[in-house]
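What follows is one structure encoded as structure tokens, with my remarks underneath.
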There are 2 protein chains.
Amino acid sequence: MARSEISTRERIVSAASALFYADGIRGVNVDAVAAKAGVTKRTLYYHFKSKDDLVAAYLAGRDQPNLALFKQWFDEAEGGLPAKVERIFRNLARSARHPKWKGCGFLRTSAELANMPGHPAIRIGAAHKKKFEDWLRVTFEAAGIAEAAQLARQILLLLDGSFAVVLLHRDPSYMETAGHAAHALTKAALPVRKKRQ
Amino acid sequence: MARSEISTRERIVSAASALFYADGIRGVNVDAVAAKAGVTKRTLYYHFKSKDDLVAAYLAGRDQPNLALFKQWFDEAEGGLPAKVERIFRNLARSARHPKWKGCGFLRTSAELANMPGHPAIRIGAAHKKKFEDWLRVTFEAAGIAEAAQLARQILLLLDGSFAVVLLHRDPSYMETAGHAAHALTKAALPVRKKRQ
DNA sequence: TTGTGTATATTCACTGGTCGGTATACATGA
DNA sequence: TCATGTATACCGACCAGTGAATATACACAA
């Protein structure tokens with residue numbers, strides 16, 4: 001193991017991440033990843049046994065940071081539960097306005113590799129979405145929502161719908177629409193307490 | 001012009017459609033399309049000036065039939081507007097159970113070609129989704145829904161979210177969840193008439 | 001009817017280039 | 001001396017697109 005600040009392996013994953021996200025899996029060749037990481041291809045193949053292995057590392061490296069960001073957005077939002085949920089969508093809309101934004105890497109990878117059902121990248125993507133859905137469900141349960149599981153799935157559907165639609169239309173306002181819907185569904189599922197929030 | 005039942009060009013598009021949908025754009029090579037269509041590659045290039053041109057033809061050929069199917073499902077459903085909307089999702093869930101189902105071809109293509117913003121295929125996909133959204137909006141306006149445009153967008157988000165999530169998890173029950181959400185949002189947007197539906 | 005020109009449609013063989021992955025050798029530190 | 005890690009050079013398969021020739025169908029003049 002090299003003792004440098006960031007390991008060779010990390011630099012390779014980082015380069016792969018940027019390229020795969022920008023141009024898709026099949027749109028990026030291994031030489032390009034090696035070049036961007038500043039290593040030769042042989043070195044890359046020392047650390048990863050195949051391109052597929054590298055793809056898996058790319059998504060695995062995005063799992064935790066992505067979830068953390070959503071949770072952070074939720075936590076720092078003010079207002080009731082519906083407002084906190086909606087805030088995730090509003091922040092996402094802001095991200096989507098950056099020119100380099102290209103939707104959800106997990107979703108795009110699973111779409112591209114849809115003909116390889118058992119591909120590690122797809123399993124990692126599915127696990128990622130499951131974690132997000134579970135976090136939503138637990139949060140909703142804690143708020144006393146009876147149909148917490150169903151609501152969590154609905155929010156997930158709106159979120160992933162946003163990724164798909166905004167990627168296609170390049171119009172982030174769809175994310176705010178999804179946020180409204182998420183707000184409405186959450187509010188309707190909330191147990192009644194008093195008239196005003 | 002050949003006088004056969006189906007033209008060579010149609011056979012090529014049909015072959016391309018099956019292959020591109022199954023394996024993705026970059027996962028299919030032009031030789032495979034030519035072979036499946038029973039023509040030489042040179043013939044294919046007589047009818048289409050490039051692979052991208054063929055991709056555009058693939059999606060253009062799916063536009064009208066896809067929309068017609070959704071409208072048919074909606075029309076033949078019984079019950080009120082929310083039930084008719086929900087029926088689309090239920091029928092889609094049934095389609096998604098077929099082993100060859102691989103999500104929405106428009107969405108998957110736009111995800112795969114996300115690094116080519118002006119690609120004809122993406123414009124065709126965007127136009128397709130826009131048509132569907134417009135049809136929903138007009139339908140909702142006819143039902144007297146004030147926020148018809150917003151509701152149409154929300155339904156679209158749920159629909160495309162279904163495609164993405166079901167493709168990833170291979171669990172069509174998410175489509176029924178989306179149908180519930182669509183039902184609830186439609187019902188809430190409907191102008192009040194009487195207590196029981 | 002027959003010959004000729006022309007646009008359409010199709011084939012075989014090929015090219016220039018890309019890509020995932022590897023054989024082999026070398027360096028360095030424990 | 002042995003495990004770890006890096007470099008150069010290469011391979012075989014694949015792949016989008018093309019050159020040149022040929023077949024088919026039809027229009028029109030002799």
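Every heavy atom of this structure was used, including side-chain atoms; hydrogens, water molecules and symmetry mates were not. Just so we're on the same page: letters track the sequence lines, and every chain starts at 1.
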- Which nucleotide, D/dG17, D/dT6, C/dT10, lies nearest any side-chain atom of B/Thr43? C/dT10
- Query: What residue pairs, at least two apart or across chains, pass ring-ring contact (aromatic ring centres under 6.0 Å, His included) with a residue in residues 106-137 of chain A?
  - Reply: A/Phe70-A/Phe132, A/Phe74-A/Trp135, A/Phe106-A/His128, A/Phe132-A/Trp135
- Task: Rounded off to whole Å, could you give me the CG-to-P distance for the A/Asp31 and D/dC11 pair?
- Result: 16 Å
- Does any pair with a residue in residues 104-115 of chain B pass salt bridge (charged side-chain N to carboxylate O under 4.0 Å, His left out), and if so which ones, sequence neighbours excluded? none
- Task: Using the test side chain to side chain contact (heavy atoms under 4.5 Å, CB included), find all partners of B/Thr43 that sit at least two apart in sequence or belong to another chain.
- Result: B/Thr8, B/Val39, B/Thr40, B/His47
- Message: Would you say B/Thr40 places a side-chain N or O within less than 4.0 Å of OP1 or OP2 belonging to C/dT11?
- Response: yes
- Of the residues in residues 19-29 of chain A, which ones touch DNA chain D at a heavy-atom distance under 4.0 Å? none
- Could you give all pairs that pass the ring-ring contact (aromatic ring centres under 6.0 Å, His included) test and reach residues 164-191 of chain A, with sequence neighbours left out? A/His169-A/Tyr174
Please list, for nucleotides 24-28 of chain C, all pairs of protein and nucleotide N/O atoms separated by less than 3.5 Å.
none

- Message: Strictly by ring-ring contact (aromatic ring centres under 6.0 Å, His included), give each pair with a member in residues 19-38 of chain A just once, sequence neighbours left out.
- Response: A/Phe20-A/Tyr58
- Message: Can you say whether a donor on the side chain of A/Lys41 sits under 3.5 Å from an acceptor on the base of C/dG20, or the other way round?
- Response: yes
- Those residues at least two apart in sequence (or on a different chain) that pass side chain to side chain contact (heavy atoms under 4.5 Å, CB included) with A/Val30 are A/Lys41, A/Leu44, A/Tyr45, A/Lys51
- Please name all residues satisfying side chain to side chain contact (heavy atoms under 4.5 Å, CB included) with B/Ser50, sequence neighbours left out, ordered by chain then number. B/Asp52, B/Asp53
- Note on the structure: A/Tyr46 OH to C/dG21 P, in whole Å, measures 18 Å
- Query: In whole angstroms, how far is the C1' atom of D/dC15 from the CG atom of B/Leu54?
  - Reply: 15 Å
- Under a 4.0 Å heavy-atom cutoff, the residues of residues 108-116 of chain A touching DNA chain D are none
- Per the salt bridge (Lys or Arg N to Asp or Glu O under 4.0 Å) rule, which among A/Asp160, A/Asp134, A/Asp63 passes with A/Lys129? A/Asp160
Report, one line per pair, each donor and acceptor closer than 3.5 Å where one atom sits in a side chain of residues 142-158 of chain A; sequence neighbours left out.
residue	atom	partner	partner atom	Å
A/Arg153	NE	B/Thr177	OG1	3.0
A/Arg153	NH2	B/Ser173	O	3.3
A/Arg153	NH2	B/Ser173	OG	2.7
A/Arg153	NH2	B/Thr177	OG1	3.2

- Whole angstrom value for the distance that separates P of D/dA7 from CD1 of A/Ile12: 10 Å
- Query: Taking only side-chain nitrogens and oxygens of A/Ser50, does any of them come within less than 4.0 Å of OP1 or OP2 of C/dG20?
  - Reply: no
- Test item: B/Ser14 side-chain N/O and B/Glu10 main-chain N/O as donor-acceptor pair under 3.5 Å: no
- Message: Restricting to salt bridge (charged side-chain N to carboxylate O under 4.0 Å, His left out), what partner residues turn up for A/Arg26, sequence neighbours left out?
- Response: none
- Message: Tell me the interatomic distance from A/Tyr45, atom OH, to D/dG5, atom C1', rounded to whole angstroms.
- Response: 17 Å
- Here the distance between atom P of C/dG20 and atom CG of A/Asp52, to the nearest Å, is 10 Å
- Determine: side-chain N/O of B/His47 to OP1/OP2 of C/dT10, distance under 4.0 Å, yes or no. yes
